[in-house]
2 protein chains.
Amino acid sequence: MIDPVLLAELTSLVEPGKVLTDAPSLEAYGKDWTKHFPPAPSAIVFPRTVEQVQAIVLWANRHRIALVPSGGRTGLSAAAVAANGEVVVSFDSMNRILDFNAFDRTVVCQPGVVTAQLQAFAEEQGLYYPVDFASSGSSQIGGNIGTNAGGIKVIRYGMTRNWVAGLKVVTGKGDLLELNKDLIKNATGYDLRQLFIGAEGTLGFVVEATMRLDRAPKNLTAMVLGTPDFDSIMPVLHAFQSKLDLTAFEFFSDKGLAKILDRGDVPAPFATECPFYALLEFEATTEDVGNDALALFEHCVEQGWVLDGVMSQSEQQLRNLWKLREYLSETISHWTPYKNDISVTVAKVPAFLRDIDVIVNASYPNFIVVWYGHIGDGNLHLNILKPDDMSKDEFFAKCAVVNKQVFEVVEKYNGSISAEHGVGMTKRDYLAYSRSAAEIDYMKAVKAVFDPNGIMNPGKIFAPE
Amino acid sequence: MIDPVLLAELTSLVEPGKVLTDAPSLEAYGKDWTKHFPPAPSAIVFPRTVEQVQAIVLWANRHRIALVPSGGRTGLSAAAVAANGEVVVSFDSMNRILDFNAFDRTVVCQPGVVTAQLQAFAEEQGLYYPVDFASSGSSQIGGNIGTNAGGIKVIRYGMTRNWVAGLKVVTGKGDLLELNKDLIKNATGYDLRQLFIGAEGTLGFVVEATMRLDRAPKNLTAMVLGTPDFDSIMPVLHAFQSKLDLTAFEFFSDKGLAKILDRGDVPAPFATECPFYALLEFEATTEDVGNDALALFEHCVEQGWVLDGVMSQSEQQLRNLWKLREYLSETISHWTPYKNDISVTVAKVPAFLRDIDVIVNASYPNFIVVWYGHIGDGNLHLNILKPDDMSKDEFFAKCAVVNKQVFEVVEKYNGSISAEHGVGMTKRDYLAYSRSAAEIDYMKAVKAVFDPNGIMNPGKIFAPE
């Protein structure tokens, strides 16, 4: 697929054995966790240094060869899928932690450092890297930055963006830029670092990232509360947030809980069956905080917002309560779920969720809908499970119809069609539901500044011209 | 200065009386807190609506008229100075708070809302707007966003950037963009909102901003600690930061304290005279936190890092301790200080400060240097006081020489020549000390995307071509 002369040139730019073209490698490195686009890269290259990345980008510019960045390949929007003969640039061989600075609490990472590796490193220093999500065991820092990854602690710690002190990037033109130099305060013109965060590799490649750490959380304590309906979750959130610094506020529905309990390895939080559940977490730094939480719980029960609840009394109980939420994604994956990752402002969540439920129920009353998500930040994960007696093709065709209707509701509520998974290829045709035509034009013009030849992850975010 | 026909056209775009061309208005609205560039605008226009701003920008594009945005005019980099016949667009008539959302803790502000007005509004809701600095009584939200204002609580709350949930902007081309729609999670391509934050009005004008609020801080408590030398401040910072969530960590020198005590209206923190002082603040949410702070203090004394100290026991004492730091800028303004606002990463601060001291002392041993700043975020304010027997002209000429040497040290330490004041006109010729030639080229290209005719605050950030 790739001209042998060009391939030889590429091979000469990196160390021996660092270009692969065998079928299993092309298959493995050409895809992410999405399944819609069959992988078809022409080669996989594994640079070990910044200079090698620069050489690859300059080579690609000379020959107009499209490049696709590849990290842990855990993405859910096909942003790292190479489906059109691209050369995949994998950062697996740039996976070292280069430096640590205790005063600034910063860690200099190569882009291929795995999220869990950074989390463990932080822990060794008595510190904490707070961006956490289901794929932290294999996702890489470069990919986290490319998608501005979020996860389960955003209500307290924000997105990946908040933890990027500095970036070294190689632009689509091949320039090496050192952005922000790890400073906290730096008012010297446009903060280009911010453009590269969430750009899905369409402007250039992150080749080094300085990440901030936080102090370690103290005595994390979780509560699971059952509510009589979805709307009651909102005053519960408001009441707890007014009194406590929450580190998480998640929710899931009875249908999700049922699937978890069916596994047999996670205990029910309490006997009372409720249609919705909130999982909240805070640092119980003193006994007073725990007492405040219990008083809030009683207040919520008196108001009729909460039917039953439980508070963790040990690390083990904390972990068990979290399993109710964290195992959901994997557990329902057996039903081939049609997933959507959408967000609105927090106050709009109840009305928005109701509207979506009406749409799905009206068209497909026999679909099981499992809702869960990060209610504290307005991010809802809509999962429609495939009925056992329906073929995959029929199911996905019906979901595509629902999809459009869902996005129309997202647009009506001024929300986002991709809260934390990115656009990639799966959402690119729907971008206009969240961004205006003028915005998209400006984005394309910005891309042209950094990648005039259009070689950086083409067809991602924007549909091919 | 402006063609009467064009002026009539401009006047027709806004309400009666909303264009001023009298000399006192031109003088008042043409400048900020800097004094280097004599104001010379051709007119001042006061739009009241987004549509009027758009009409003004389209008019300026048609006639290639340069526009300068104007907020509270408290800037320290001449970014809002109109020195070349520009039309000043003042946001004084767009100063209303439009909406509040309790669940999301967001406030929709017009750009002319004064910082203290937002702070007071937040307090009324039992909440807190945490970006605070000396000019909060007159600076405006639009200007805060344009410079990504920082201040005294950055160590805990970050810069203005962290509190901007959404922006409506009119670009230099006249397009109205609604950026990010106040969402916490929104992974739909480039976050253009971030580009406009800190752009000093060179890409377009902020016409509406949704700002986030935080919960109100609880029982804020301050300590002032005297240290035997500057270097000792660093382990003190590290020790306190490892145990407590600091809301501030400031420093000042004996020379600064002496000027404050000379005023006669602020009591000395304690009797022991020390060359350097740290002011730190935290929430004493429980008695335990206060005890932790006292134990840390004793540890620092035992280590020889601290000579003496005091902890506030009341609101009144808290306020008095803060005056030692907050009155500095105004107090030394009587000595016509030559000010510099620079930053490095925290760990580099001691060596950096030593290098700068060597330079200033070597060239001008009779200059009094007053250091103060936000040590917790690496931001140092260097103030050189004019000797009484030296003329202003001679003094500033000598400082210009020092300036270049200071910036060479900043570059050596990979720091920022403007930590929080912006570039404007005062730093534009020095930008290359902090940003590479390639970066500056990309910045100019990004500007051209949003402002192809170069009418938005020309000559700011970048020198005129």
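The analysis underlying the following values was restricted to heavy atoms, covering all of them including side chains, and did not include hydrogens, waters or symmetry mates. Numbered from 1 within each chain, the chains take letters A, B, ... in sequence-line order.
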Please tell me whether B:Thr188 and A:Tyr433 have a donor and an acceptor in their side chains that are separated by less than 3.5 angstrom.
no
Segment of [X] engaging chain B (4.5 angstrom heavy-atom cut-off):
X: A:His374; value: side chain
X: A:Asp377; value: both
X: A:Leu192; value: both
X: A:Asp288; value: side chain
X: A:Arg428; value: neither
X: A:Met443; value: both
X: A:Val449; value: both
X: A:Ala216; value: neither
X: A:Lys460; value: neither
X: A:Thr285; value: neither
X: A:Ser434; value: both
X: A:Phe462; value: side chain
X: A:Ile417; value: both

Most chain B-contacting option - heavy-atom pairs closer than 4.5 Å, from [options]:
options: A:Met234, A:Arg161, A:Lys173; result: A:Arg161
options: A:Val154, A:Asn148, A:Asn162, A:Ile440; result: A:Val154
options: A:Ser436, A:Pro235, A:Ala102, A:Ala438; result: A:Ala102
options: A:Leu195, A:Val289, A:Ile461; result: A:Leu195
options: A:Thr286, A:Asn101, A:Leu237, A:Asp245; result: A:Asp245
options: A:Lys427, A:Arg105, A:His421; result: A:Arg105

Mind checking the [atom1]-[atom2] spacing from [X] to [Y]? Nearest 0.5 Å is all I need.
X: A:Glu439; Y: B:Thr171; atom1: CD; atom2: OG1; result: 11.0 Å
X: B:Ser416; Y: A:Leu183; atom1: OG; atom2: CG; result: 6.0 Å
X: A:Leu127; Y: B:Ser242; atom1: CG; atom2: OG; result: 7.5 Å
X: A:Glu420; Y: B:Ile184; atom1: CD; atom2: CD1; result: 12.0 Å
X: B:Ile155; Y: A:Lys185; atom1: CD1; atom2: NZ; result: 10.0 Å
X: A:Phe103; Y: B:Lys348; atom1: CZ; atom2: NZ; result: 14.0 Å

Taking side chain as C-beta onward, heavy atoms only, is [X] less than 4.5 Å from [Y]?
X: B:Phe450; Y: A:Val446; answer: yes
X: A:Leu203; Y: B:Tyr190; answer: yes
X: B:Gln194; Y: A:Ile197; answer: no
X: A:Asp175; Y: B:Tyr442; answer: yes

Give a yes or no answer on whether the side chain of B:Lys181 reaches the backbone of A:Val344 with a donor-acceptor pair at less than 3.5 Å.
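No, B:Lys181 side chain to A:Val344 backbone: no donor-acceptor pair under 3.5 Å.
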Counting distance only, does the side-chain N/O of A:Thr345 pair as donor-acceptor with the main-chain N or O of B:Asp182 below 3.5 Å?
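It does not hold such a pair.
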With a 4.5 angstrom heavy-atom cut-off, is it the side chain or the backbone of B:Thr147 that approaches chain A, or both, or neither?
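When you check distances to chain A, only backbone atoms of B:Thr147 fall under 4.5 Å.
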